[in-house]
Participant: 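Mind looking over this structure? Questions follow.
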Amino acid sequence: MKQWAESLWRNKRLSLAEALEFPEPTKAAVVDTRTCRFPLPGAQLSVVDTFLQEAIKLRCSETLQTKKPRFTYPAEEQKPSAMEKWSLLGSTALVTGGTKGIGRGIVEEMGGLGAAIHTCSRNQSDLDASLQQWRSAGLKVTGSTCDVSSPADREKLMEEVKSTFDGKLNILVCNAGTGVVKPAVEQMAEDYKLVMSTNLDSSFHLSQLAHPLLKASGNGSIVLISSIGASIAVDGLSVYCASKGAVNQLTRSLACEWPRDNIRTNCVAPGSIKTPLLAMDDESLAMRRRRIPAGRIGEPEEVAALVAFLCMPGARYINGQVICADGGRTINGNI
Ligand SMILES: NC(=O)c1ccc[n+]([C@@H]2O[C@H](COP(=O)([O-])OP(=O)(O)OC[C@H]3O[C@@H](n4cnc5c(N)ncnc54)[C@H](OP(=O)(O)O)[C@@H]3O)[C@@H](O)[C@H]2O)c1
């Protein structure tokens, strides 16, 4: 007996004879089974509609039963050993903005854990000097100049990554970012464009461009770097904070769309970290410190350790999370 007819009969909505008389579900109904939505929600049901609903329920339950889990739990013999769980040995990574600050910390942390890394920045001489230092330290790092706010540069960068790593990339860290400190009324159109294109457009477009490479690796991980400014307001940083809020939400969207391609997406939101971007006078720094329960400004490697962890096999069930590395700044309700 045809499965849909059997379902109608078993559910006693129709007699066996009636059930057998019905034709196969229409194309429209089959299309709807993909989304598991009924074609006529809330409508008065005719017999044919009842039939279609039954057929759809059946198809949906079949789909659910046969759906493959996205992050498969490895069989005993394929489980990473304790060493492999906490290592990046054999992984390939693109880290943007690796010559200074947090990006540099990430390159060094991941390189030390065994990853081969490609990085970029806008300044050729800084990049050359950094590459030299990393090579002498025994790290596997290549690099190219790229302004991540430029779509053409982003495309060129991904071509370079593709040829460096033979079309397979395990890790993308979108770290390069910038801010323009001005009251909201003084932020100009060009300030807005610079901040949005550097922080948000680049995270989205680089993730899109990296998608085929991450998918080809069979085990991809994206980490977007946002900021605690995505969830608390910071004077003078309205556009910056908005761009980082969008990065947090982009994380959640990619985390739901791309697990089918074995790609996880997470986000790290640093608090105040000692880097050239945080350059400010001692009084302002002291004011910031007072609000941080840990009592100090963070170091780049303290953010880098979290980023590296999120890319390791040990973190394979962590997806779609925004995690702060802020010494407790965002949970502090004390003035
Ligand atoms: N430091 C903090 O307190 C803090 C707090 C929250 C969030 N963050 C976020 O953390 C990330 C890193 O910040 P950071 O403090 O390490 O910054 P940083 O010290 O200014 O370093 C930024 C790095 O990115 C590169 N870069 C900047 N703009 C670029 C562009 N358009 N294209 C390519 N490379 C670019 C810089 O090199 P070139 O200038 O030579 O290009 C440098 O290597 C940013 O997304 C930032 O928003 C930082």
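Positions are given from 1 along the sequence. The figures here come from the full heavy-atom set of this structure, side chains too, leaving out hydrogens, waters and symmetry mates. Counting starts at 1 for both ligands and their atoms, in listed order.
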Participant: Short list, please: which atoms of ligand 1 are under 4.0 Å from a heavy atom of T99?
Facilitator: 37 (O), 42 (C), 43 (O)
Participant: Whether the T145 and R122 side chains hold a donor-acceptor pair (N or O, under 3.5 Å, no angle test) is what I'd like checked.
Facilitator: no
Participant: Ignoring angles and geometry beyond distance, decide whether I102 reaches within less than 3.5 Å of ligand 1 through its nitrogen or oxygen atoms.
Facilitator: yes
Participant: Answer with yes or no whether the hydrophobic clustering places V107 together with L131; edges join I, L, V, M, F, W, Y residues whose side-chain heavy atoms lie under 4.5 Å apart.
Facilitator: yes
Participant: Within this structure, what is the NE2-CG distance for the pair H211 and L214, rounded to the nearest 0.5 Å?
Facilitator: 7.5 Å
Participant: For ligand 1, which part of C146 has a heavy atom less than 4.0 Å away: the side chain, the backbone, both, or neither?
Facilitator: backbone
Participant: Counting heavy atoms not belonging to D281, are there more than 12 under 6.0 Å from its CG?
Facilitator: yes
Participant: Heavy atom of T178 under 4.0 Å from ligand 1?
Facilitator: no
Participant: Check ligand 1 against G177 and write out every atom of the ligand that is under 4.0 Å from a heavy-atom position of the residue.
Facilitator: 44 (C), 45 (O)
Participant: Relative to each other, are the rings of F309 and W86 parallel, tilted or perpendicular (30° and 60° limits)?
Facilitator: parallel
Participant: Suppose we measure from atom 26 (N) of ligand 1 to each protein heavy atom; which comes out shortest, and what is that distance?
Facilitator: A176 CB, 4.0 Å
Participant: Quick one: are S217 and N170 in side-chain contact, heavy atoms under 4.5 Å?
Facilitator: yes
Participant: May I ask you to identify the nearest protein heavy atom to atom 8 (N) of ligand 1, giving residue, atom name and distance to one decimal place in Å?
Facilitator: Y240 OH, 3.6 Å
Participant: Would atom 22 (C) of ligand 1 count as contacted, meaning some protein heavy atom under 4.0 Å?
Facilitator: no
Participant: With a 4.0 Å cut-off on heavy atoms, does G271 reach ligand 1?
Facilitator: yes
Participant: Give yes if a backbone or side-chain nitrogen or oxygen of V148 is under 3.5 Å from a nitrogen or oxygen of ligand 1, and no if not.
Facilitator: yes
Participant: Taking NZ in K79 as the centre, count heavy atoms belonging to other residues, nucleotides or ligands within less than 6.0 Å. Is the count above 12?
Facilitator: yes
Participant: For ligand 1, which part of S226 has a heavy atom less than 4.0 Å away: the side chain, the backbone, both, or neither?
Facilitator: backbone
Participant: Give the residue, atom name and distance (to 0.1 Å) of the protein heavy atom nearest atom 29 (C) of ligand 1.
Facilitator: R122 NE, 3.4 Å
Participant: Once you restrict to heavy atoms under 4.0 Å, what part of N199 touches ligand 1? Side chain, backbone, both or neither.
Facilitator: neither
Participant: K100 versus ligand 1: do any nitrogen or oxygen atoms come within less than 3.5 Å of each other?
Facilitator: yes
Participant: In ligand 1, which numbered atoms sit nearer than 4.0 Å to a non-hydrogen atom of G101?
Facilitator: 16 (O), 19 (O)
Participant: Any atoms of ligand 1 less than 4.0 Å from a non-hydrogen atom of N123? List them with their elements.
Facilitator: 40 (O)
Participant: Any chance CD of E190 has more than 12 other-residue heavy atoms, nucleotides or ligands included, within less than 6.0 Å?
Facilitator: yes
Participant: In the protein, what heavy atom is nearest to atom 6 (C) of ligand 1, and what distance, to one decimal place, separates them?
Facilitator: P270 O, 3.3 Å
Participant: Does T96 come within less than 4.0 Å of ligand 1, judged by its heavy atoms?
Facilitator: no
Participant: Quick one: are R316 and N219 in side-chain contact, heavy atoms under 4.5 Å?
Facilitator: no
Participant: Report the nearest protein non-hydrogen atom to atom 14 (P) of ligand 1: residue, atom name, distance rounded to 0.1 Å.
Facilitator: T275 OG1, 3.6 Å
Participant: Linking I/L/V/M/F/W/Y whenever any side-chain heavy atoms sit under 4.5 Å apart, do V322 and V173 land together?
Facilitator: no
Participant: Find all atoms of ligand 1 within a distance of less than 4.0 Å from any non-hydrogen atom belonging to G97, and give their numbers and elements.
Facilitator: 23 (C), 24 (O), 25 (C), 43 (O)
Participant: Please say whether more than 12 non-hydrogen atoms of neighbouring residues, nucleotides or ligands are located less than 6.0 Å from CD in E186.
Facilitator: yes
Participant: I'd like to know whether CZ of R252 has more than 12 heavy-atom contacts from other residues, nucleotides or ligands below 6.0 angstrom.
Facilitator: yes
Participant: Does an N or O from S227, backbone or side chain, lie closer than 3.5 Å to an N or O of ligand 1?
Facilitator: no
Participant: Out of all atoms in ligand 1, which are within 4.0 Å of some heavy atom of L278? Include the element for each.
Facilitator: 3 (O)
Participant: Using a 3.5 Å distance criterion without hydrogens, assess whether the side chain of S284 forms a donor-acceptor pair with backbone atoms of M280.
Facilitator: no
Participant: Is it the case that ligand 1 has an N or O less than 3.5 angstrom from some N or O of I273?
Facilitator: yes
Participant: With a cut-off of 4.0 Å, which atoms of ligand 1 are near a heavy atom of P276?
Facilitator: 19 (O)
Participant: Taking distance alone, with no angle check, do T198 and ligand 1 share an N/O pair under 3.5 Å?
Facilitator: no
Participant: Is there a side-chain contact between M196 and D191, using heavy atoms and a 4.5 Å cut-off?
Facilitator: no
Participant: Is any side-chain heavy atom of L206 closer than 4.5 Å to a side-chain heavy atom of L157?
Facilitator: yes
Participant: Can you tell me which residue and heavy atom of the protein come closest to atom 45 (O) of ligand 1, and the distance to 0.1 Å?
Facilitator: N175 O, 2.7 Å
Participant: Check each of L285, I297, D326 against S272 using the side chain to side chain contact (heavy atoms under 4.5 Å, CB included) test, and report the only one that passes.
Facilitator: I297
Participant: Under 3.5 Å between some N or O of ligand 1 and some N or O of S272?
Facilitator: no
Participant: Side chains of Q132 and D128 only: does a donor on one sit below 3.5 Å from an acceptor on the other?
Facilitator: no
Participant: Among protein heavy atoms, which lies nearest atom 17 (O) of ligand 1, and at what distance?
Facilitator: L277 CB, 3.4 Å
Participant: Does any N or O atom in K244 lie less than 3.5 angstrom from one in ligand 1, N or O only?
Facilitator: yes
Participant: Distance under 4.0 Å to a non-hydrogen atom of D147: what atoms of ligand 1 satisfy this?
Facilitator: 30 (C), 31 (N), 32 (N)
